[in-house]
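Throughout, a chain's letter reflects where its sequence line sits, starting with A, and its residues are numbered from 1.
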Number of protein chains: 2
Amino acid sequence: MITQTEENYLKAIYKIAEKEKKSVGTNAISAQMKTTAASVTDMIKRLSEKGLVNYQKYKGVNLTPVGNKHATNLIRKHRLWEVFLVDKLNFRWEQVHEIAEQMEHIDSDNLITRLDAFLGHPRFDPHGDPIPNAEGKFTLRVQNLLSDISPNRKVNVLGVKEHDSPFLEYLNSLKIALGTTLEILEIVPFDKSMKIRINDSQETIISNKVAQTLLVR
Amino acid sequence: MITQTEENYLKAIYKIAEKEKKSVGTNAISAQMKTTAASVTDMIKRLSEKGLVNYQKYKGVNLTPVGNKHATNLIRKHRLWEVFLVDKLNFRWEQVHEIAEQMEHIDSDNLITRLDAFLGHPRFDPHGDPIPNAEGKFTLRVQNLLSDISPNRKVNVLGVKEHDSPFLEYLNSLKIALGTTLEILEIVPFDKSMKIRINDSQETIISNKVAQTLLVR
DNA sequence: TTTCTTTTTTAGGTTAATCTAAAAATTTAT
DNA sequence: ATAAATTTTTAGATTAACCTAAAAAAGAAA
Ligand SMILES: [Mn+2]
Ligand SMILES: [Mn+2]
Ligand SMILES: [Mn+2]
Ligand SMILES: [Mn+2]
């Protein structure tokens, strides 16, 4: 039996390990989970007892194969529920993350198998994130950060790296969504801000920080 | 903030109060919740602190209006999710209760409003139980126990009073579902068992205990 | 290679939710 | 009305998940 709290820790560890390939430190986890380092040490011991992480004092943790499987399954459930909320219940992309945070803990393999079929086996969620299959394998895709694209090129928005509601609402206000076409008109050398044309109509300037959160091709 | 455990207690108290109109005793709750009487006393104090139940030592509890609203809302969520599982994900009626026990705790009014619309504002769940509206009002309906119907009458199955999976599977094996027509052919005086014809075809004998769990009109 | 800084762990404590065993109150039976 | 049976509460523990403050280890800088 894995508790909801333990599941949240596993997901946090997975997400940190995703970017920093080395072993995951106590402080990084406490930041992600918004708890104290002391609480993390407690929990790490419990996860280690249960065989979900490998742990050596002062050396940080790594997910075991079992822990990794569990973490990817949580991500699978989270993203499938997000698709459900957007495709079937007409939520907008900035509204679904919080609800999916709760739904991902529902425990029923049968439910997820059926949900996946009901949704037509989606491969990406409403933020463009890949949905791992039942074995935990992710679909790979050619994608770049908008910030790495050179001027005078036209690209399509595939995803966003930030699920934060205010950020997504800002994109809404710019009429940027998944599938939107962006043409890079100009890059200001000083701060790397970009002048872009959105869907062949309005022109705007976006900061480099924003360009770094947009995945395109 | 109401915890999942507190929610489960509220629902238990509601269900007990539904049949026995007087105040709900500690033992009745401990039986329903499968805990000890001592644990119930602890929890009752907490619920009372939070204004969800009225409590006097040794006198049992009653839901306050706030507690009652919360309980009916849980039942609303539980039953709506059951409809979703059966109508949209093609689960059978004996498979959904356990999953709905988990889903009923998802906290989002917006979600439930949209789910209700997505399902076409259903008024009854897959077991024939009424779904309270957002204000907690139940649809009333003319219905009787099959055990109270006299011979030579034809009735329709409206609901079942037992959600237990083995019992529902037994009904499946008899080809009895919601909407099924039953004709009472004969009642054995000794044990009140009934000879019935199901959907104008097979004849069977069912015990009085079974006849007492079937709601018909 | 000391010394300073940061990270991590330990020590000790809290709250929610549970338990068993024993005491107290209430209800039922004689 | 007293005794017996039942119900309910209290007392005292346990476990998960958290916290603060202090100690210890590891890493970086002087
Ligand atoms: Mn999300
Ligand atoms: Mn997402
Ligand atoms: Mn149910
Ligand atoms: Mn039901």
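- A 6.0 Å sphere centred on NZ of B:Lys195 holds no more than 12 heavy atoms belonging to other residues, nucleotides or ligands.
- Under the 6.0 Å distance and 45° angle rule, B:Lys88 counts as a cation-pi partner of B:Phe118.
- Note on B:Thr3: a side-chain N or O is less than 4.0 Å away from OP1 or OP2 of C:dA17.
- Of the residues in residues 44-51 of chain B, B:Lys45 come within less than 4.0 Å of DNA chain D through at least one heavy atom, sorted by number.
- Atom CG in B:Asn8 sits about 14 Å away from atom C1' in C:dA16, given to the nearest Å.
- A salt bridge between A:Glu94 and A:Arg92 is present, with a side-chain N of the basic residue lying under 4.0 Å from a carboxylate O of the acidic one.
- Residues of residues 26-33 of chain A having a heavy atom closer than 4.0 Å to DNA chain C, listed by number: A:Thr26, A:Asn27.
- Under the rule for a side chain to side chain donor-acceptor pair (under 3.5 Å), the partners of B:Asp191 that lie at least two apart in sequence or sit in another chain are B:Ser193.
- Taking side-chain N and O atoms only, B:Tyr55 has no distance below 4.0 Å to OP1 or OP2 of D:dT8.
- Distance OH (A:Tyr9) to C1' (D:dA17): 8 Å, rounded to an integer number of Å.
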Give each protein N/O atom lying under 3.5 Å from an N/O atom of nucleotides 20-28 of chain C, with the pair distance.
from, atom 1, to, atom 2, distance (Å)
C:dA25, O4', B:Tyr58, OH, 3.3

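- Applying the side chain to side chain donor-acceptor pair (under 3.5 Å) criterion to A:His163, with sequence neighbours excluded, gives A:Asp129.
- The minimum heavy-atom distance between A:Phe138 and A:Arg79, with the atom names listed, is CE2-NH1, 3.8 Å.
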Give every donor-acceptor pair under 3.5 Å between a side-chain atom in residues 7-18 of chain A and any protein atom, sequence neighbours left out.
from, atom 1, to, atom 2, distance (Å)
A:Glu7, OE1, A:His105, ND1, 2.5
A:Glu7, OE2, A:His70, NE2, 3.0
A:Asn8, OD1, A:His105, NE2, 3.1
A:Asn8, ND2, A:Gln4, O, 3.4
A:Lys11, NZ, A:Glu101, OE1, 3.2
A:Lys11, NZ, A:Glu101, OE2, 3.1
A:Lys11, NZ, A:Glu104, OE1, 3.0
A:Lys11, NZ, A:Glu104, OE2, 3.0

